[in-house]
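Have a look at the structure below, then the notes.
Residue indices begin at 1 and follow the sequence shown. Both ligands and their constituent atoms are indexed starting at 1 by order of listing. On a predicted model such as this, the values are computed, not experimentally measured, just so you know.
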Amino acid sequence: MKTTIYQLKDMQRKTTAEHLKQVIDQGGLIVFPTETVYGIGANAFDPAAAEKIYRVKGRPKDNPLIVHIDHLHQLKRLTKTISDEAKRLIQAFWPGPLTLVFQKTNEVPKTITGNLDTVAVRFPANAIAQHVIGVVKTPLCAPSANISGKPSSTLFEHVKKDLEGKVDIIIDGGKSTIGLESTVLDLTTSPPTILRPGSVTKAMIEAVLEKPIDDASEVYQIAPRSPGMKYTHYKPQGDIVLLEGPTQKIIDVMNQAALEEGDRCAFICAHEVSEKLIGQNVFDLGSINDPETIASNLFIALRTMDDLNITTIYMHTFSKTHIGSAIMNRLLKAAGYKVVKVA
Ligand code: AMP
Ligand code: MG
């Protein structure tokens, strides 16, 4: 398949808008940027189009897709009831990186909900994402634009590598500003439950609802609440060794590994650690005091590992406060939940 690539400057053209609409009307796929990660979108009400997403990504059929909207009135077609709690969260966080899980209407195909009776919905803040949903005139179901199991794409170059030739259109929107997927909050439970942490944190949600909420994302569950919880994620080809302990000890262990393993190993670390490393493949994620920057660089660094054929990737744990909880959630998954304590 020939993939058309559009740049930012193409987005205002009438012919681009017509092409976007034509592709979605005909059951095709469009990769578009959002503020969290890139998404691969199809008409949310077209099961055959949604199935293409699963095929292209190699995504397990029971892992549901998030529906992206650009107007609140679209919610009516997706869910029957919008509780007062939902309204308060929508008011506070939409458009933005919070996905809300509702009871679905009959119109929402079960193909996109992994056979569940619920539907996950998000109103992205990214202007290109809003423009695309606006011109195609239908909500788009869109998971992250990566091959299943790999880190989500936060750069156009990474999307292109994974998906060129497999989708109809890819829109180059530069680097995703947040860089981690949205927070997923299940509103069908009482109290609501976080299924995936993101940059909208538990504390931020609790402040709006003025009550404590549950967090099911902390521990791996035998019967996962959200299908996505049970699959391997964010896994480069190499193994990740996730170190926890005093900073100097972590630096010592990493420098020893650099001496022993040479250029087969890499180090993905906060600036305060990386500036003291002697290894060849050192990736500086940003200062420990700037977790938003660390979040935005994490998937880029993880994806670079495969390009360099790295066999062992040394990383360190982060504080779980605020967005740190989302960073650690992705890191623990990438490392297969193994943490190596150094002291
Ligand atoms: P992705 O689009 O690749 O970022 O993944 C979407 C995430 O949202 C996955 O972890 C899904 O399991 C989760 N999700 C989507 N729809 C639902 C739903 N109806 N109920 C629970 N989790 C959902
Ligand atoms: Mg994903």
Rounded to the nearest 0.5 Å, how far does OG1 of Thr154 lie from CD1 of Ile300?
4.0 Å
With heavy-atom distances below 4.0 Å as the criterion, list the atoms of ligand 1 near [X].
{"X": "Leu116", "value": "18 (C), 19 (N), 20 (N)"}
{"X": "Asn63", "value": "9 (C), 11 (C), 12 (O)"}
{"X": "Ser144", "value": "1 (P), 2 (O), 3 (O)"}
{"X": "Pro143", "value": "2 (O), 3 (O)"}
{"X": "Ala120", "value": "15 (C), 16 (N), 17 (C), 19 (N)"}
{"X": "Thr118", "value": "18 (C), 19 (N), 20 (N)"}
{"X": "Arg196", "value": "1 (P), 4 (O), 5 (O), 6 (C), 7 (C)"}
{"X": "Leu195", "value": "21 (C), 22 (N)"}

Proximity of Arg59 to ligand 1 by residue part, where a heavy atom lies under 4.0 Å
side chain
Is it the side chain, the backbone, both or neither of Lys104 that has a heavy atom closer than 4.0 Å to ligand 1?
neither
Side chain to side chain contact (heavy atoms under 4.5 Å, CB included) assessment of Leu100 paired with Trp94
CA-CA 10 Å; Leu100 299 173; Trp94 280 9; 3.7 Å; yes
For Phe32 and His68, take the angle between the two ring planes, folded into 0 to 90°, and tell me which bin it lands in: parallel under 30, tilted 30 to 60, perpendicular over 60.
perpendicular
What class does the angle between the rings of Tyr234 and Phe299 fall in, given that below 30° is parallel, 30 to 60° is tilted and above 60° is perpendicular?
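Parallel: the ring planes of Tyr234 and Phe299 meet at under 30°.
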Check whether the side chains of Thr36 and Ser182 place a donor and an acceptor atom closer than 3.5 Å, and report yes or no.
no
Quiz question: by atom type and distance under 3.5 Å, do the side chains of Gln256 and Glu260 form a donor-acceptor pair?
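Per modelled atom types, Gln256 and Glu260 side chains form a pair under 3.5 Å.
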Kindly indicate whether the side chain of Tyr38, heavy atoms from C-beta on, has any atom under 4.5 Å from the side chain of Asn146.
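No, too far: nothing below the 4.5 Å cut-off.
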Has Ser152 got an N, O or S atom lying less than 2.8 Å from the Mg ion (ligand 2)?
no
Regarding ligand 1, does Thr113 bring an N or O atom to under 3.5 Å of one of the ligand's N or O atoms?
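No, there is no polar N/O contact under 3.5 Å.
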Given side chain to side chain contact (heavy atoms under 4.5 Å, CB included), test His316 with Phe318 step by step and report yes or no.
CA-CA 7 Å; His316 58 78; Phe318 289 86; 3.5 Å; yes
